[in-house]
There are 2 protein chains.
Amino acid sequence: MQKKRVTLADVARLAGLSSTAASMILTGKPDTRLSADAHAKVHAAAASLGYRPNVAARALRTDKSRSFALISDYVATTRFASGLIRGALAAAEEAKHVMLVLETGGEPARELQAVEAALDRQVDGLIFAAMRAREVFVPNISANLPVVMLNGTSARFPAAVLPDEYEGGRTAVRLLASTGITSSIVLLGHNPDDEKGLFRSESIARRIAGIRDEMAARGLAFDAELSCWNWEPTHGYDLTKAYLAHGKPQAILCLNDRLAFGAYQALGEARLDIPGDVSLVSFDNDELASYLRPGLTTIGLPHEAMGRRAVEMLLGRQKAGEALIVMPSVIRGSLRMPDATP
Amino acid sequence: MQKKRVTLADVARLAGLSSTAASMILTGKPDTRLSADAHAKVHAAAASLGYRPNVAARALRTDKSRSFALISDYVATTRFASGLIRGALAAAEEAKHVMLVLETGGEPARELQAVEAALDRQVDGLIFAAMRAREVFVPNISANLPVVMLNGTSARFPAAVLPDEYEGGRTAVRLLASTGITSSIVLLGHNPDDEKGLFRSESIARRIAGIRDEMAARGLAFDAELSCWNWEPTHGYDLTKAYLAHGKPQAILCLNDRLAFGAYQALGEARLDIPGDVSLVSFDNDELASYLRPGLTTIGLPHEAMGRRAVEMLLGRQKAGEALIVMPSVIRGSLRMPDATP
DNA sequence: ATCCCCTGCTAAAACCATTTAGCAAATGCC
DNA sequence: GGCATTTGCTAAATGGTTTTAGCAGGGGAT
């Protein structure tokens, strides 16, 4: 009952040629000397039989499998991962590759297992995605397989795709400056004095550096810098509420959208209007940035573009170097228009 | 320089046995008659060489690849997909399988390509995940491969994993009833008169049926039923605001968390206290439900459990039947405590 | 002693595509 | 016409595993 898979030999037989010929023609070898007639016959036969090459057999012979593995610490940390995966899948699909997705929870033992599982399947390249961008532990890879780090870095594997956080930080300040506000500006999420000796991640360090450099370049200074370790809405709320007890900000630069969300809540309770009384700008372009009223202007993390770029690096055999992906400005209603107040 | 992969023949040679023996021992065939001594020698040799079987070669021979494919329409619709993927990955990992993830955007041409790509790789099972749960188009699968629908249904493939929406709907009403509120209850997101002839999805239909049955069973009725097609925050906001112009609700039953989010915004602007003035309950357990103040009580979508269950069905060769996964009640602060008002 | 069965193992085929080496015929060159 | 080269194609080896068929030797039954 079960139709047997059609094999290359079947195609060759139908075309009246050897399987060598069929193989060469179908894989599109450039230097072959087979006749145009042979090409036509083989292609016709393959089409009429609905031939699909057996990937396992091909992989066995060539050690290539037209597949990549994406090994990430967390897939679930949703706001982060799925854009990366989406972009990577799309780029892989365009190159007629397939993506194995593996999750490790950041545990070295599972990382090792994941790498071995991928290697066993003869993947043509490995992407290590880190949801929290920092130096990532990566097990030894025996083969000289292309590896790219996605949203993280590793001393051992110099190819990396990262958001251009430094430029993003500068852009956020530029956006804020475009409102004309020059004083009572609050930074929400970081205070260097409170965080001495702590290290968040390279990405965040660059984001903050960009902010500070652009502030300095414009002769601007923060009225306050409010620190908290986890950038969750509740901390944004608490810090903003506490600040409002003493001062009234004109602008708040939030280090991520969840902090900004908390700030919205506190400002709303204090009956302050956004952007009439207070302007906000933030980072990440989280889903919730579009849900807020008014919409939150934010510097987006270009996840999908990053995912795409990672597989492009794999395909292009670019072995080293950092690819910095530009962070888009997502303009919504949380910044006062410059002409609105003279 | 390049170490060659160690092969089964190497193991056999080191153990002083044939590769047949090595194969049988390492794959753990039950009916073999090889001596305990042989077993020990082969295992020792394999361990000392760090032998890992070549999956391609094995797949070629056996037509099994220890891998599944998860084909979804959208991965990016984040609030939905990543829990499914996470659960599926975890369950696959436990069974020492690997997961190919493919995205189709719901386009039939890409679905077909995805299925073929998966079939070419000799996957041992297919999961079709639908982000919007409805009848799903699925290309013809030639082989008799196990297929399970995840968060969707298909006439052709009767094995499906779905959230138990009916029971979830009833639970939401029970939770609401536990506050003691019996009047001025608003349903946000559906009105049968406004949606005649429209069909959202089977899942949502069950959710609504559960709500209505439990309401009826308790002799409760909605004061108003507000309809909108897309369940986005902005619609929740608009509908709630419009309703507040006429009436004052005691409770709002929201059909998802994003609608509830919009309702929060409108209630906040109207200076109504949650849960003092208005109680809310909702569905999905979106990330943002925990960000709201007070936290939103919601009936969660059990994505991770669903993903796990799908691969368990694949592994167990359960060929048919609907697995209904219970939706957890996530209790936060948006419901008035029953003793708070006598 | 003969026959049969069981134990413990192995040779070789099979899976399917790619690739190397090479063969026969046709063509080019002087 | 004689020789070298090119053209157009194929036989056979290869990759690593599983599996079928079967071999050699020992022991028990007759």
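Naming convention: chains lettered A, B, ... in sequence-line order (proteins, then strands); numbering from 1 in each chain.
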Asker: Output the rounded distance in Å from CG (B:D120) to P (C:dC16).
Answerer: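 My rounded result for the distance is 13 Å.
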Asker: What is the nucleic acid contact for A:S35, judged by heavy atoms within less than 4.0 Å: base, sugar-phosphate only, or nothing?
Answerer: sugar-phosphate
Asker: Expressed in angstrom and rounded to an integer, what is the separation of B:D10 atom CG from D:dG15 atom P?
Answerer: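 One finds 12 Å between P of D:dG15 and CG of B:D10, rounded.
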Asker: Counting only side-chain nitrogens and oxygens, does A:R61 get under 4.0 Å of the OP1 or OP2 atom of D:dT14?
Answerer: no
Asker: Quickly work out the A:R13 CZ to C:dC16 P distance and round it to whole Å.
Answerer: 11 Å
Asker: Starting from P on C:dA17, measure out to CZ on A:R66 and report it in whole angstrom.
Answerer: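 Taking atom P of C:dA17 as the reference, CZ of A:R66 is at 15 Å.
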Asker: Charged N to carboxylate O under 4.0 angstrom, A:R110 versus B:E94?
Answerer: no
Asker: According to a strict under-4.0 Å criterion, is B:Y51 in side-chain N/O contact with OP1 or OP2 of D:dT17?
Answerer: yes
Asker: State whether the side chain of A:S65 and the backbone N or O of A:Q122 hold a donor-acceptor pair below 3.5 Å, judged by distance alone.
Answerer: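 It does hold such a pair.
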Asker: Which part of the nucleic acid, if any, lies within reach of A:T20 when heavy atoms closer than 4.0 Å are counted: base, sugar-phosphate only, or nothing?
Answerer: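 Base, at least one base heavy atom under 4.0 Å.
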Asker: One thing to verify: whether B:D120 and A:R58 come together as a salt bridge, which I'm taking to mean a side-chain N less than 4.0 angstrom from a carboxylate O.
Answerer: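 Answer for the salt bridge query: no.
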Asker: Between D:dG16, C:dT18, C:dA17, which nucleotide gets closest to the side-chain atoms of A:T27?
Answerer: C:dT18
Asker: To the nearest 0.5 Å, what is the distance between CE (B:M24) and NE2 (B:H39)?
Answerer: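 Result: 10.0 Å between the selected atoms.
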Asker: Does A:S19 have a side-chain nitrogen or oxygen under 4.0 Å from the phosphate oxygens OP1 or OP2 of C:dT18?
Answerer: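 Indeed not, no polar side-chain atom of A:S19 lies that close.
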Asker: Taking the nucleotide of DNA chain C with the nearest heavy atom to each, does B:A38 or B:L60 sit closer to the 5' end?
Answerer: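 Taking each residue's closest nucleotide, the earlier one in sequence belongs to B:A38.
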Asker: How many whole angstroms separate atom CG of B:D63 from atom P of D:dT17?
Answerer: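 Answer to the nearest Å: 17 Å.
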Asker: Could you tell me whether a side-chain N or O of A:D124 sits under 3.5 Å from a main-chain N or O of A:R66, the two making a donor and an acceptor?
Answerer: yes
Asker: Looking only at the side chain of A:M24 (C-beta and beyond, no hydrogens), which of the listed nucleotides C:dT19, D:dT17, C:dC9 gets closest?
Answerer: C:dT19
Asker: Rounded to the Å, how far apart are A:L8 CG and C:dT18 P?
Answerer: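 Atom-to-atom, A:L8 to C:dT18, this comes out as 7 Å.
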Asker: How close or far is atom C1' of C:dC16 from atom CG of A:L26, stated in whole angstroms?
Answerer: 13 Å
Asker: What is the distance from CG of B:N54 to P of C:dC16, rounded to the nearest Å?
Answerer: 16 Å
Asker: Can you find a side chain N or O atom of B:S18 that sits less than 4.0 Å from OP1 or OP2 on C:dT10?
Answerer: yes
Asker: Has A:S23 got a side-chain N or O lying under 4.0 Å from the OP1 or OP2 atom of C:dT18?
Answerer: yes
